[in-house]
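Take a look at the structure set out below.
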Amino acid sequence: MRAMTTRSCPCGLPEPYEKCCGRFHSGAAAAPTAEALMRSRYCAFVRGDAAYLLRTWHPRTRPARLDLDPGMRWTGLEILGTTGGTAFHATGTVTFRASYQGGALHEHSRFERVDGAWVYVDGDFPE
């Protein structure tokens, strides 16, 4: 896992937030790949941006509301694998481990393109 600097984006990439996930959160750009969307969604969890999470959730599986725990402290993201999810695909998967104070979440997430934009569909939790 890459160490974050104070200037790097919470998603783990070295770019500053504004040039990385911030542009997706603001709507100035759309995530070009399933992995970029997954990273931006992790960053939204870090920043408590429930509106972005709902906006990037597939309409078929999106909950009516999302209540984030303000006490949750996310500490890092590790991408373990991807399939598909590029401009040449309609679907993709991202397997990742997101660490938080006291533990980690390991998920295999599924993504689809809806009207040209990547959205999160659902995920499962590998053993």
Side-chain angles (χ1 to χ4, degrees):
M1 193 172 336
R2 188 178 308 183
M4 287 185 3
T5 67
T6 55
R7 290 188 40 82
S8 63
C9 188
C11 80
L13 294 178
E15 292 86 4
Y17 167 76
E18 294 75 20
K19 291 184 178 181
C20 194
C21 293
R23 62 198 171 110
F24 305 141
H25 292 174
S26 72
T33 65
E35 180 182 336
L37 180 67
M38 203 286 324
R39 287 181 177 278
S40 72
R41 287 177 55 84
Y42 168 82
C43 188
F45 275 103
V46 170
R47 298 177 63 87
D49 188 346
Y52 179 78
L53 293 166
L54 289 170
R55 192 167 67 246
T56 58
W57 210 312
H58 197 292
R60 183 177 73 238
T61 58
R62 180 188 309 133
R65 57 184 275 187
L66 187 60
D67 296 316
L68 300 178
D69 178 355
M72 182 67 120
R73 296 292 174 251
W74 295 98
T75 59
L77 176 65
E78 180 181 7
I79 302 299
L80 303 174
T82 63
T83 61
T86 73
F88 302 105
H89 299 102
T91 63
T93 67
V94 179
T95 303
F96 66 92
R97 182 175 297 111
S99 301
Y100 56 88
Q101 279 184 335
L105 169 72
H106 183 196
E107 182 174 322
H108 178 77
S109 297
R110 285 174 283 282
F111 298 86
E112 291 179 12
R113 285 165 91 73
V114 173
D115 298 327
W118 285 107
V119 291
Y120 171 77
V121 177
D122 61 15
D124 53 54
F125 307 100
E127 294 294 321

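Using a 4.5 Å cut-off on side-chain heavy atoms (C-beta onward), Y100 and R73 make no contact. Between H106 and P126 there is a side-chain heavy-atom pair separated by less than 4.5 Å. Contact of the P63 side chain with the L54 side chain is registered, since non-hydrogen atoms from C-beta on lie closer than 4.5 Å.
Under a 4.0 Å N-O distance rule, the pair R97/E107 does not qualify as a salt bridge.
The distance from atom NE2 of H89 to atom OG1 of T83, rounded to the nearest 0.5 Å, is 8.0 Å. Separating the OG atom in S99 from the CG atom in L77 is a distance of 8.5 Å, to the nearest 0.5 Å. Atom NZ of K19 sits about 14.0 Å away from atom OG of S8, to the nearest 0.5 Å. If you take CZ on F96 and CG on L80, they are separated by 9.0 Å, rounding to the nearest 0.5 Å. In this structure, E18 CD and H25 NE2 are separated by 11.5 Å, a value rounded to the nearest 0.5 Å.
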Without placing hydrogens or testing angles, list every side-chain donor-acceptor pair under 3.5 Å for residues 34-41, not counting sequence neighbours.
residue: E35; atom: OE2; partner: R39; partner atom: NE; Å: 3.0
residue: E35; atom: OE2; partner: R39; partner atom: NH2; Å: 3.3
residue: R39; atom: NH1; partner: C11; partner atom: O; Å: 2.8
residue: S40; atom: OG; partner: A36; partner atom: O; Å: 3.4
residue: S40; atom: OG; partner: L37; partner atom: O; Å: 2.8
residue: S40; atom: OG; partner: Y52; partner atom: OH; Å: 2.6
residue: R41; atom: NH1; partner: L53; partner atom: O; Å: 2.8
residue: R41; atom: NH1; partner: T56; partner atom: OG1; Å: 2.8

Is there a side chain to side chain contact (heavy atoms under 4.5 Å, CB included) between Q101 and W74? Walk through the geometry before answering.
CA-CA 7 Å; Q101 279 184 335; W74 295 98; over 6 Å; no

Audit row: E112, H58, side chain to side chain contact (heavy atoms under 4.5 Å, CB included) steps and yes/no
CA-CA 8 Å; E112 291 179 12; H58 197 292; 3.3 Å; yes

Run the side chain to side chain contact (heavy atoms under 4.5 Å, CB included) check on V94 and F111 step by step: do they pass?
CA-CA 8 Å; V94 179; F111 298 86; 3.8 Å; yes

Apply side chain to side chain contact (heavy atoms under 4.5 Å, CB included) to T61 and Y120, showing your working.
CA-CA 9 Å; T61 58; Y120 171 77; 5.5 Å; no

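In this structure D67 satisfies the salt bridge (charged side-chain N to carboxylate O under 4.0 Å, His left out) test together with R65, sequence neighbours excluded.
Contact between G71 and D69 at its shortest, heavy atoms only, is N-OD1, 2.8 Å. A pairwise comparison of heavy atoms in P10 and Y42 identifies O-CE2, 3.1 Å as the closest pair. Summarising the geometry of T86 relative to R113, their closest heavy-atom pair is O-NH1, 4.2 Å, with the distance given to 0.1 Å.
Between the R110 side chain and the T93 main chain, no donor and acceptor come within less than 3.5 Å of each other. Side-chain atoms of R23 come within 3.5 Å of backbone N or O of C20 as a donor-acceptor pair.
F45 is connected to I79 through a chain of hydrophobic side-chain contacts under 4.5 Å among Ile, Leu, Val, Met, Phe, Trp and Tyr, so both are in one cluster. Transitive grouping of hydrophobic side chains (ILVMFWY, heavy atoms separated by less than 4.5 Å) keeps F24 and V119 in distinct clusters.
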